[in-house]
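Owing to the predicted nature of the structure, the values given are computational and were not obtained by experimental measurement.
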Number of protein chains: 2
Amino acid sequence: MTDTVVSSATREVVIGFDRPFVMIGERINPTGRKLLAEEMKNGDFSRVEADALAQVAAGAHMLDVNAGVPLADEPALLARAVELVQSVTDVPLSIDSSVVDALEAGLAVYRGKALVNSVTGEEEVMERVLPLVARHGAAVVAISNDETGISEDPDVRFAVAKRIVERAADHGIPAADVVVDPLVMPIGAMGTAGQQAFRLIRRLREELKVNTTCGASNISFGLPNRHVVTGTFLAMAIGAGMTSAICNPLHTEVKNAVMAADVLMGADRDCAAWIGANRDPDAPAGARGARGERRRRRAGRA
Amino acid sequence: MTDTVVSSATREVVIGFDRPFVMIGERINPTGRKLLAEEMKNGDFSRVEADALAQVAAGAHMLDVNAGVPLADEPALLARAVELVQSVTDVPLSIDSSVVDALEAGLAVYRGKALVNSVTGEEEVMERVLPLVARHGAAVVAISNDETGISEDPDVRFAVAKRIVERAADHGIPAADVVVDPLVMPIGAMGTAGQQAFRLIRRLREELKVNTTCGASNISFGLPNRHVVTGTFLAMAIGAGMTSAICNPLHTEVKNAVMAADVLMGADRDCAAWIGANRDPDAPAGARGARGERRRRRAGRA
């Protein structure tokens with residue numbers, strides 16, 4: 001029932017319960033991408049543009065834009081990246097920085113209602129980010145950690161999320177504009193990371209009634225064949241009630257899992273998106289997919 | 001907490017909560033496989049043998065054996081198939097027929113504790129199948145439909161499952177030896193099929209405390225790229241608490257989704273099975289999977 005509406009100058013996207021899952025493209029982020037970091041620092045944003053177009057073509061409903069290049073003027077870089085991306089695509093953006101001045105610079109040039117990524121439960125961060133979000137009428141990603149770090153206890157993380165939602169309300173930001181990130185840890189380092197995330201996502205939805213997101217690729221960090229793990233995680237998280245994620249739609253395993261999960265949650269009406277994306281151009285009309293298939297016999301006991 | 005123990009002459013497999021998911025290979029089934037049906041009818045079981053070996057090599061923990069060839073002597077065929085499969089593999093079997101005499105013939109030659117597939121909630125079927133299961137000390141798949149057919153109401157299906165479990169107890173069969181099949185419908189025909197299954201699986205686990213299984217490929221009947229839909233369904237069903245399924249481990253999308261779901265549920269300790277199955281033989285030790293990867297920056301707010 002909770003809808004988080006974000007927009008560009010011309011397009012609205014709704015993150016919400018019982019709606020198609022929202023994929024927020026993760027690629028425009030120089031963290032760990034040396035070449036991109038170097039280029040952005042030198043004022044070359046051609047790769048940012050290419051990444052924006054490719055992700056939207058692959059099915060991203062929104063794009064995350066991060067300009068965290070070490071020793072660079074992050075506010076200026078982020079503003080420029082936001083302007084550039086908005087000039088080539090019409091999907092709403094998630095403006096991503098841990099530097100409040102950079103968030104402010106990005107919001108200043110943004111056209112539409114942005115998703116600010118992010119605020120934590122740390123007092124100082126909340127008191128700097130939330131007024132900014134309120135002033136711009138934006139939505140915000142709330143990360144469930146605070147001064148004490150990232151708790152391994154899902155109950156503590158839930159309490160932190162609840163506190164951010166309450167504080168946001170004090171600043172006039174409705175709960176529907178707070179999208180909680182339960183913080184996904186690498187499953188290779190912490191075997192309970194998946195179950196913790198699923199349980200927390202379910203509670204956030206059922207008790208706090210907020211939308212949720214996460215940096216999905218974290219879950220598979222360090223594992224072989226990791227995009228399958230990320231895609232499977234996303235499907236299971238969608239089953240638990242997650243409504244959006246920062247992920248890479250260019251990875252077929254990720255995109256397919258999200259689209260199939262939409263089908264299975266009944267959010268892809270008549271499987272239209274799935275059938276459209278997976279149509280075999282050589283198949284005769286009407287025979288698609290059903291040729292040579294069988295259905296396990298289950299009825300008719302003797 | 002509920003363990004369903006099945007066995008061959010030499011190997012035990014446990015279907016249970018918080019354990020690795022049990023894949024029951026679906027291939028040995030002439031339904032919709034004209035060539036196999038023809039061969040079996042003519043006494044040629046070479047394909048049965050090949051299918052058994054291939055599925056076990058691909059990771060099947062158990063095998064379903066069905067000999068439902070129209071106009072053939074199903075009890076004789078099923079007994080022969082069971083004997084043959086037990087002579088070439090040591091995984092426990094699910095003896096699958098809608099003909100009670102065939103179940104009886106299969107059980108008569110089976111060595112170990114079989115899974116009988118299946119009993120429904122129909123009075124006559126319960127009264128014929130359950131005594132047979134009890135006499136052989138077997139476990140049984142309980143399909144949640146009755147004389148009135150397959151209800152679209154998950155509450156009715158739950159009630160039918162509960163009735164079968166209670167009736168089984170009357171025959172001395174413990175609830176731990178009843179594996180409930182919530183009956184998975186094709187999502188292409190019924191958009192709510194996924195959510196219904198997930199909700200029912202969760203209730204069966206939490207309220208009835210039984211293990212669950214299903215014919216997984218039903219979900220994707222008629223859809224293009226269907227193995228992705230089946231695999232994604234399995235992962236989401238595992239997230240909801242399903243503990244086994246009749247599926248095809250030869251489909252990489254299915255097998256990968258199940259293995260990744262085990263990782264994400266914490267059932268694959270230290271991701272050992274996943275890493276073993278996905279090891280890149282060319283990667284130098286220690287560098288596997290982590291090379292060139294990045295982890296989204298999340299900490300260190302400024």
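A donor atom on one side chain and an acceptor atom on the other are found under 3.5 Å apart for T230(A) and S220(A). Side chain to side chain, D146(A) and T148(A) meet the donor-acceptor criterion of an N or O pair below 3.5 Å.
In this structure, chain B has heavy atoms under 4.5 Å from both the backbone and the side chain of F233(A). In this structure, no portion of R199(A) lies under 4.5 Å from any heavy atom of chain B. Using a 4.5 Å cut-off between heavy atoms, L234(A) does not touch chain B at all. Proximity to chain B involves both the backbone and the side chain of A235(A), based on heavy atoms less than 4.5 angstrom apart.
Considering only residues two or more places apart in sequence or on other chains, A37(B) meets the side-chain contact (heavy atoms from CB on, under 4.5 Å) condition with P30(B), V69(B).
Annotation: maximal heavy-atom pairing with chain B below 4.5 Å, among N225(A), T192(A), I219(A), D101(A), occurs at N225(A). Per-residue counts of heavy-atom pairs under 4.5 Å with chain B were compared for V229(A), I238(A), D270(A), D268(A); the largest is that of V229(A).
With salt bridges taken as basic N to acidic carboxylate O contacts below 4.0 Å, one links D18(B) and R205(B).
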List the atom pairs, with distances to 0.1 Å, where a side-chain N or O of residues 252-264 of chain B and a protein N or O form a donor-acceptor pair under 3.5 Å, not counting sequence neighbours.
| from | atom 1 | to | atom 2 | distance (Å) |
| --- | --- | --- | --- | --- |
| K255(B) | NZ | A58(B) | O | 3.0 |
| D262(B) | OD1 | F21(B) | N | 3.0 |
| D262(B) | OD2 | F21(B) | N | 3.4 |

